[in-house]
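Report on the following structure.
Reminder, nothing fancy here: chain letters follow the sequence lines and each chain counts from 1.
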There are 2 protein chains.
Amino acid sequence: MKVNVLLSPLSVDELYFSGKTTVVIDVLRASTTIVNMLRNGAKEVIPVATVEFAVKISGGMFGGLTLLGGERNTKKVEGFALGNSPLEYTAEVVAGKTIVFYTTNGSRAIVKAKFSENLFVCSYNNISAVASKLAELNKDIEIICAGRNNAFSLEDSCCAGKLISEILVLAENIELTDSALAVQALNKSFGKSIFKMLKESEHGKLLKENGFEADIKFCSKLNTTEAIPYLTGNTLKLLPVKQDQTIIES
Amino acid sequence: MKVNVLLSPLSVDELYFSGKTTVVIDVLRASTTIVNMLRNGAKEVIPVATVEFAVKISGGMFGGLTLLGGERNTKKVEGFALGNSPLEYTAEVVAGKTIVFYTTNGSRAIVKAKFSENLFVCSYNNISAVASKLAELNKDIEIICAGRNNAFSLEDSCCAGKLISEILVLAENIELTDSALAVQALNKSFGKSIFKMLKESEHGKLLKENGFEADIKFCSKLNTTEAIPYLTGNTLKLLPVKQDQTIIES
């Protein structure tokens with residue numbers, strides 16, 4: 001099993017992902033928020049790459065069962081029902097609903113990787129469940145750090161490093177590329193206190209300035225759920241957890 | 001002074017560099033090779049972004065005084081006089097000559113950053129001289145890791161981290177972005193033996209397979225010269241070293 005990390009989705013094109021097993025990470029906040037939408041009972045999440053497309057596809061859907069969510073540069077998009085805070089997506093708000101979701105980095109990274117054979121969404125909240133699933137699949141892995149405006153993000157890299165460390169415990173014969181080795185080292189250097197690392201990151205500081213400190217705390221929590229969003233067609237759904245599946249038992 | 005690192009030149013456009021002080025790093029091998037061309041008496045180096053443009057501009061130049069150099073994916077470009085090995089560019093070969101230089105990553109990164117107010121080329125061979133010059137200038141710095149085919153390169157990141165560590169000793173009040181903090185951590189994790197890190201990197205392995213192990217050794221050597229290539233117009237020249245300049249005395 002070979003593990004590679006893309007420190008930004010920009011360096012490859014859509015076809016790069018054909019047939020690949022891909023994990024998308026955008027800790028602050030899209031991947032954390034998507035995990036929690038589905039965990040709280042949303043029927044499905046439709047990630048989109050532009051605000052215009054979000055508005056277009058939601059227009060044809062039955063109003064009460066569809067919600068438009070997301071942000072552009074930290075702030076809720078005008079006219080959207082919800083922003084990009086995982087705390088907004090409570091069971092009361094999302095249960096049974098379809099969420100059309102746009103964010104500056106995370107949802108666009110998912111759309112870019114849509115040709116993947118398997119695509120999972122990972123955050124600190126569900127990291128061990130994702131690691132177990134990947135070890136079970138035993139296929140080459142591409143981890144996309146959604147990053148910030150096509151550039152490096154410390155928090156996504158550290159989360160990727162932690163995910164790799166967990167996979168290394170569960171699987172054998174793993175080959176790591178340079179970027180995979182690098183994020184592992186970054187997790188060792190900065191990942192001891194996830195909350196501190198998130199708070200002091202550039203993106204964390206920006207979120208704090210905009211009043212989202214509670215989100216940072218929420219995004220820092222390890223393994224609060226075993227929910228794994230996976231892409232089927234153009235839609236993210238909760239990965240069914242079989243009776244005999246490792247991720248239940250872990 | 002703020003220090004930022006671009007882990008690939010892809011995340012920004014050419015105008016991003018307007019008015020900036022920029023350092024381009026491509027340890028294996030373009031930045032090492034450029035440093036050594038000028039150190040060995042080349043009159044100037046013209047970095048170009050395409051093979052076609054290299055051929056075009058060299059065509060109008062006086063044959064004996066102009067050399068075409070460079071590589072595409074490790075191998076010398078067909079029809080070029082020289083490849084991308086620093087060992088080829090001896091004083092006998094380059095003294096007094098203009099080198100038109102194309103490489104897959106390094107020369108293209110320099111061309112992309114051509115609107116910089118100051119642009120320097122850094123390798124392990126001249127790293128302390130570059131650090132001294134940057135500390136003396138005391139301006140915000142953008143360090144470009146040329147990377148490999150628009151993706152992450154461990155060796156360029158570690159070299160950027162070492163450069164930052166040296167600047168931190170020489171200057172005060174330095175603010176590091178997330179990527180600058182990250183490469184510093186990578187230098188601590190992987191930079192203890194530069195030769196070992198280079199040899200075991202993806203690019204190092206590829207060079208070794210292609211018979212360039214001596215180049216890796218050469219590229220790993222610290223501070224063998226105080227030569228600093230800087231961009232003036234579209235041409236790289238050796239930064240004049242003044243009598244009273246710090247980089248002489250260090």
Side-chain angles (χ1 to χ4, degrees), chain A residues 2-13 16 27-28 104-105 108-109 142-161 165 175-192 196-207, chain B residues 2-13 16 27-28 104-105 108-109 142-161 165 175-192 196-207:
Chain A
K2 187 172 172 177
V3 182
N4 184 43
V5 178
L6 301 167
L7 292 172
S8 142
L10 197 64
S11 59
V12 295
D13 61 17
Y16 174 86
V27 173
L28 295 175
T104 319
N105 307 294
R108 292 166 68 190
E142 296 283 334
I143 303 174
I144 308 179
C145 295
R148 283 189 66 210
N149 304 318
N150 296 322
F152 176 81
S153 143
L154 187 62
E155 65 276 13
D156 295 345
S157 306
C158 289
C159 185
S165 303
E175 186 191 336
L176 301 180
T177 63
D178 280 7
S179 53
L181 285 168
V183 296
Q184 239 204 328
L186 292 177
N187 180 50
K188 273 183 201 150
S189 298
F190 297 98
K192 273 166 212 117
K196 184 170 178 287
M197 180 271 293
L198 292 183
K199 236 185 3 180
E200 292 174 2
S201 72
E202 288 170 4
H203 199 165
K205 284 179 199 157
L206 185 70
L207 285 173
Chain B
K2 187 171 172 178
V3 182
N4 184 41
V5 177
L6 301 167
L7 291 172
S8 143
L10 197 66
S11 59
V12 295
D13 61 17
Y16 174 85
V27 173
L28 296 175
T104 320
N105 307 295
R108 292 166 69 191
E142 294 285 331
I143 304 175
I144 309 180
C145 295
R148 284 189 66 209
N149 303 321
N150 296 322
F152 176 81
S153 144
L154 187 61
E155 66 276 13
D156 295 344
S157 305
C158 288
C159 185
S165 302
E175 186 191 337
L176 301 180
T177 62
D178 280 7
S179 53
L181 284 167
V183 296
Q184 238 204 330
L186 292 177
N187 179 51
K188 273 183 200 149
S189 297
F190 298 98
K192 273 167 211 115
K196 183 169 179 288
M197 180 272 293
L198 292 183
K199 237 185 1 182
E200 293 174 3
S201 72
E202 288 171 3
H203 197 166
K205 284 179 197 155
L206 185 70
L207 285 172

Subject >> chain A contact via S157(B) - which portion, at a heavy-atom distance below 4.5 Å >> reply: neither
**OP:** Please look at L10(B) and chain A and tell me whether the side chain, the backbone, both or neither of the residue comes under 4.5 angstrom of a heavy atom of that chain.
**Re:** both
**OP:** Please list, chain by chain and in numerical order, all residues satisfying salt bridge (Lys or Arg N to Asp or Glu O under 4.0 Å) with E142(A), sequence neighbours excluded.
**Re:** none
Original post:
Tell me, side chain or backbone of S8(B) under 4.5 Å from chain A's heavy atoms, or both, or neither?
Top reply: neither
Original post:
Most heavy-atom pairs under 4.5 angstrom with chain A, which of G147(B), S201(B), A151(B), C158(B)?
Top reply: S201(B)
Original post:
Excluding sequence neighbours, so at least two apart, what forms salt bridge (Lys or Arg N to Asp or Glu O under 4.0 Å) with K196(A)?
Top reply: E200(A)
Subject >> Nearest non-hydrogen partners of A182(B) and F152(A), listed with the distance >> reply: CB-CZ, 3.5 Å
Original post:
Can you check whether H203(B) reaches D178(A) side chain to side chain, under 4.5 Å on heavy atoms?
Top reply: no
Original post:
Side chain, backbone, both or neither: which part of L6(B) has a non-hydrogen atom closer than 4.5 Å to chain A?
Top reply: neither
Subject >> Approximate separation, where rounding is to 0.5 Å, of R148(B) CZ and S179(A) OG >> reply: 11.0 Å
**OP:** Working to the nearest 0.5 Å, report the span between OG of S189(B) and CG of L186(A).
**Re:** 7.5 Å
